Amino acid sequence: MSTKKRIAGLVFDCLQKAFPDTPGLPGPDEIEGFLELPPDPAMGDYAFPCFRLSKPLRKAPPMIAEALLAAVDAPEVATAAVAGGYLNFALNRENFARETLALDNTRYAATADNAAKTVCIDYSSINIAKRFHIGHLTTTMLGHSLKRIHDFLGYRTVGINHLGDWGTQFGKMICAYKRWGTKAEVETGGVDEMTRLYVRFHEEAEKAPALEDEGRAWFKRIEDGDPEALEIFGWFKDVTLKDAQRVYDKLGVTFDYYTGESFYNDKMDRVVTELTEKGLLTESEGARVVDLEAEGMPPCLILKRDGATLYATRDIAAALYRKDTFDFTKALYVVAYQQDLHFRQWFKVLEKMGYPWADDLVHVSFGMVSYEGQSLSTRKGHIIYLDELLDRAVEKARAIIEEKSPDLADKETVARQVGIGAVVYADLQNNRIKDIDFWWDRALNFDGETGPYVQYTHARCCSLLRKAEEADVLPDAALASALTDDEAQEVLRLLSRFDEVILEAASRYEPSMITRHITRLAQAYNKYYYEHRILDEDKAASAARVKLTEAVRNTMRTGLWLIGMEAPERM
RNA sequence: GCGCCUGUAGCUCAGCCGGAUAGAGCAACGGCCUUCUAAGCCGUAGGCCAAGGGUUCGAAUCCCUUCGGGCGCGCCA
């Protein structure tokens with residue numbers, strides 16, 4: 001039972017004792033919801049606001065607090081005190097230290113319940129023939145982190161990279177390749193060469209509009225399964241994925257499936273058929289749509305005037321396929337908020353089709369990325385490619401290592417972990433809905449609340465644990481009385497709340513909660529580290545402080561893993 | 001025009017299912033390395049929580065209005 005629950009039970013008992021047979025008093029669960037954290041830890045560990053009870057009890061809050069205080073009698077509470085309308089509880093510090101250090105924050109006590117549930121996560125979803133840039137970072141890292149969080153909580157997860165591999169632009173690209181490209185150039189130039197061909201196509205098409213038809217014809221050939229078209233297209237895809245894989249490898253991001261838009265080509269008929277059978281498809285301005293006027297939304301376009309499908313059709317087909325294949329209890333779509341309306345529309349269409357699981361579809365939306373105050377533009381060259389960003393971050397880390405830790409064993413590995421960690425941390429630091437304006441100096445800052453700061457604190461813990469081992473001091477919380485000072489208690493409080501934070505991060509689809517929590521833990525530990533000597537002559541006390549250090553190290557390593565960062569042991 | 005999101009210190013943001021003096025980091029200024037990693041720690045300064053109304057014992061937090069910013073609103077995804 002959690003400490004909070006026990007305090008809630010205690011308040012409940014006090015209430016019964018102080019005000020017997022009073023109707024309208026809250027139960028233990030309700031009381032637990034009322035419990036707060038005092039603004040200053042010096043006031044106590046938990047606070048019960050008595051304002052809540054002044055109505056049923058018809059008494060002033062401070063009087064209620066006094067009456068409750070008189071009824072308090074529990075060993076785990078060191079002191080209880082009335083402060084205004086609050087009753088504050090301070091826990092027995094020694095006891096709290098012992099219990100908290102008995103927790104294992106590297107594992108979640110997963111219920112068998114979760115293991116039977118599948119969560120699909122659709123993230124990254126890059127386009128073929130486009131280079132990976134900072135606009136793709138958030139969907140990639142947010143999705144990756146959500147996958148790890150759900151893995152940690154014991155769910156079965158399915159990570160899907162829903163590739164943008166369908167559309168007339170690929171016909172144009174093949175057309176351009178056939179006219180002006182060579183195999184060797186595409187092989188060596190990769191995505192850049194494909195982009196160059198695509199740009200050239202548009203330039204030439206301005207002069208010779210007939211090219212547009214030629215491009216469309218090539219796309220038709222892809223659709224019709226023409227071997228040559230498919231071969232070139234498949235090859236473009238391979239080249240793009242090989243390029244992207246380099247970035248994914250650097251970031252440590254993986255997927256279970258790369259089923260893109262083209263995968264659903266033969267699964268679209270079902271959508272149209274079902275919608276027709278269910279009488280949901282109506283004609284509007286030549287197109288076939290699902291009317292959503294009653295829901296206060298514009299209609300959802302299913303078929304174009306020419307009978308071709310649209311992206312809503314494809315998303316619905318994909319959802320039906322995933323439900324059949326994975327039987328998910330939840331499906332997350334990690335896509336920028338720009339597409340908010342689109343998701344609301346097709347989620348609603350599935351609901352109207354009679355699928356109750358439409359409620360399990362979640363659009364995990366996030367903010368837009370701009371660069372120095374202006375929107376990203378490949379065409380204008382106003383863009384930061386991820387390769388370049390990661391390389392520069394690693395380079396910066398390398399320079400700092402040369403300066404501060406020239407004797408470090410595996411400098412290159414650490415530079416990579418730290419540089420990339422800085423980028424990942426910054427991406428998952430704030431609430432996902434916030435827009436991000438990219439500035440180089442901010443991205444390459446390694447001081448203060450940054451990835452390197454948390455990693456540094458982790459490495460510092462590792463270093464201490466190595467020293468402790470050399471001195472034959474093994475982590476042991478037996479002498480918990482050595483951990484009753486304010487600084488240690490603050491560290492312990494943060495350690496004890498780690499699992500709640502993960503659960504909340506999962507329920508809100510907000511990994512930043514974990515990022516911030518481990519940052520606070522790092523701050524608290526660094527403060528502790530400066531105010532207290534950890535290894536000294538007193539072996540038993542040292543062992544307790546080493547145990548605390550170990551718990552911080554483990555929690556931080558787990559937290560870093562959850563947000564997709566590495567945890568170097570030296571730096 | 002309509003809809004969704006957003007507005008907290010110079011900058012970037014926490015806090016937003018109501019509670020006790022609104023918190024961090026960056027930037028600025030001033031301290032701390034002969035002791036366990038100074039990518040660190042401590043301190044100073046910096047805020048009519050966009051504005052106005054309302055609900056409440058109590059509002060940065062909930063409701064309404066206004067203003068500023070972002071995004072979206074039919075055959076692209």
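Quick caveat, the model's predicted, so the values are computed rather than measured. A, B, ... follow the sequence lines: proteins, then strands. Residue 1 opens every chain.
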What side-chain donor-acceptor pairs closer than 3.5 Å can you find for residues 301-309 of chain A, not counting sequence neighbours?
unit_1 : atom_1 : unit_2 : atom_2 : d
A:R305 : NH1    : A:E285 : O      : 3.4
A:D306 : OD1    : A:A308 : N      : 2.9

In whole angstroms, how far is the P atom of B:rC4 from the CD1 atom of A:I433? 14 Å

Between residues 161-176 of chain A and RNA chain B, which residues have a heavy-atom gap below 4.0 Å? none

Note, RNA chain B 5' to 3' with Watson-Crick or G-U pairs under 3.5 Å encoded as ( ), [ ], | and . gives ((((((((.[[[[.)...(...]]]].(((((.......))))).....[[[[[..)....]]]]])))))))....

To the nearest Å, give me how far apart OH (A:Y528) and P (B:rC36) are. 16 Å

Would B:rC33 be called syn or anti here, given the cut-off of 90° from 0? syn

Could you go through residues 44-66 of chain A and list every donor-acceptor pair under 3.5 Å that involves a side-chain atom there, pairing it with any protein atom two or more places apart or in another chain?
unit_1 : atom_1 : unit_2 : atom_2 : d
A:D45  : OD1    : A:R493 : NH1    : 2.8
A:D45  : OD2    : A:L91  : N      : 2.8
A:S54  : OG     : A:F51  : O      : 3.0

Ignoring hydrogens and angles, are the base of B:rA38 and the side chain of A:D447 linked by a donor-acceptor pair under 3.5 Å? no

Between B:rA38 and A:Y530, is there an OP1 or OP2 to side-chain N/O distance shorter than 4.0 Å? yes

Should the side chain of A:S370 and the base of B:rG70 be counted as holding a donor-acceptor pair, with the cut-off at 3.5 Å? no

For nucleotides 56-60 of chain B, give me every protein contact, N/O to N/O, under 3.5 Å, one pair per line with atom names.
none

Can you give me the N/O atom pairs linking the protein to nucleotides 7-12 of chain B at distances under 3.5 Å, or say none if there are none?
unit_1 : atom_1 : unit_2 : atom_2 : d
B:rG7  : OP1    : A:K434 : NZ     : 3.4

